[in-house]
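Below, each value reflects all heavy atoms present in this structure, side chains not excepted, and no hydrogens, waters or symmetry copies.
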Amino acid sequence: MLLTGVDGYVQLITVLVIFVVVLAITAVVTKYIARYQKAQGAGSNIEVLETAQIAAGKYIQLVRLGGTYAAIAVCKDTVSMLCQIPEEQLAKREQAGEPGVKFKELLGSMLHRESALQHQSDELQKPEGEQTDGFDR
């Protein structure tokens, strides 16, 4: 049976409201789990500082184990210690834990760039009614 009229609109709006509610619940639960996992890792004696992929499924990781720093090779089935690294040889990050670019700033710059491109495109279009000889660039 094909729904038309008011019943169809009511069902569409109901589905949209339920979808938005599910998205909101998902966002809240994701934030809660991220906060919980971050609290679990705080104060820990084991920390992965950096990871670099060297081949498919093969990584070199720089880890802190208590006060000792080590480079380890992580493969599909094995983990091998490569060497210990003195703390003085490590290059420190300026602000550990802070992302380089925040999503809000990135989105704002993209929207600003898009509006600037749209403005340039509007300026390049000729007004209606203007006749050209076909040789315009």
Side-chain angles (χ1 to χ4, degrees):
M1 178 174 155
L2 183 64
L3 294 176
T4 57
V6 177
D7 288 338
Y9 290 118
V10 169
Q11 284 188 350
L12 176 66
I13 291 172
T14 303
V15 168
L16 288 176
V17 168
I18 291 171
F19 179 69
V20 169
V21 168
V22 168
L23 283 179
I25 291 171
T26 304
V28 169
V29 169
T30 302
K31 293 266 186 188
Y32 173 76
I33 290 174
R35 214 174 290 133
Y36 175 76
Q37 287 180 343
K38 187 175 182 180
Q40 290 294 330
S44 174
N45 287 314
I46 301 173
E47 179 182 11
V48 176
L49 301 174
E50 292 184 38
T51 301
Q53 184 174 8
I54 56 174
K58 299 179 190 216
Y59 301 90
I60 293 179
Q61 292 186 334
L62 180 61
V63 296
R64 181 182 57 80
L65 306 166
T68 305
Y69 294 88
I72 60 172
V74 180
C75 300
K76 181 179 179 182
D77 296 328
T78 61
V79 176
S80 305
M81 184 170 148
L82 300 175
C83 64
Q84 287 187 353
I85 302 170
E87 186 174 358
E88 303 83 42
Q89 290 184 351
L90 296 176
K92 300 288 183 182
R93 294 183 191 171
E94 290 181 16
Q95 295 179 349
E98 289 291 322
V101 178
K102 296 198 183 323
F103 178 74
K104 187 174 183 179
E105 295 170 0
L106 181 65
L107 183 62
S109 68
M110 289 179 69
L111 291 175
H112 177 70
R113 187 178 329 155
E114 183 178 308
S115 66
L117 289 173
Q118 180 64 33
H119 182 69
Q120 286 178 347
S121 141
D122 291 344
E123 288 178 356
L124 294 176
Q125 291 179 351
K126 298 206 179 291
E128 285 188 28
E130 183 175 319
Q131 302 216 354
T132 62
D133 55 4
F135 293 105
D136 290 346
R137 293 183 186 178

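- We find the CD-CD1 distance between Gln53 and Ile60 to be 11.0 Å, quoted to the nearest 0.5 Å.
- No more than 12 heavy atoms of other residues, nucleotides or ligands sit less than 6.0 Å from atom CD1 of Ile46.
- Val28 belongs to no multi-residue hydrophobic cluster, having no ILVMFWY side-chain contact under 4.5 Å with any other such residue.
- Taken together through direct or relayed side-chain contacts under 4.5 Å among Ile, Leu, Val, Met, Phe, Trp and Tyr, Phe103 and Leu111 form part of one hydrophobic cluster.
- In this structure, Leu12 CG and Asp7 CG are separated by 12.5 Å, a value rounded to the nearest 0.5 Å.
- Closest non-hydrogen pair, Thr30 versus Thr26, comes out as OG1-O, 2.7 Å.
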Open item on the list: Under the criterion side chain to side chain contact (heavy atoms under 4.5 Å, CB included), I'd like the reasoning laid out for Cys83 against Ile85: C-alpha separation, chi angles, the key distance, then a yes or no.
Closed with: CA-CA 6 Å; Cys83 64; Ile85 302 170; 4.1 Å; yes
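- Tracing side-chain contacts under 4.5 Å through hydrophobic residues (I, L, V, M, F, W, Y), one reaches Ile25 starting from Tyr32; they form part of the same cluster.
- If you take CD on Glu87 and CG on Leu90, they are separated by 6.5 Å, rounding to the nearest 0.5 Å.
- Under the 3.5 Å distance criterion, the side-chain polar atoms of Arg64 are matched with a main-chain donor or acceptor of Gly66.
- The side-chain contact (heavy atoms from CB on, under 4.5 Å) test with Tyr59 singles out one residue from Ile54, Thr51, Val79, and that residue is Thr51.
- Counting all heavy atoms, side chain and backbone alike, Ile72 lies closest to Met81 at CG2-CA, 4.1 Å.
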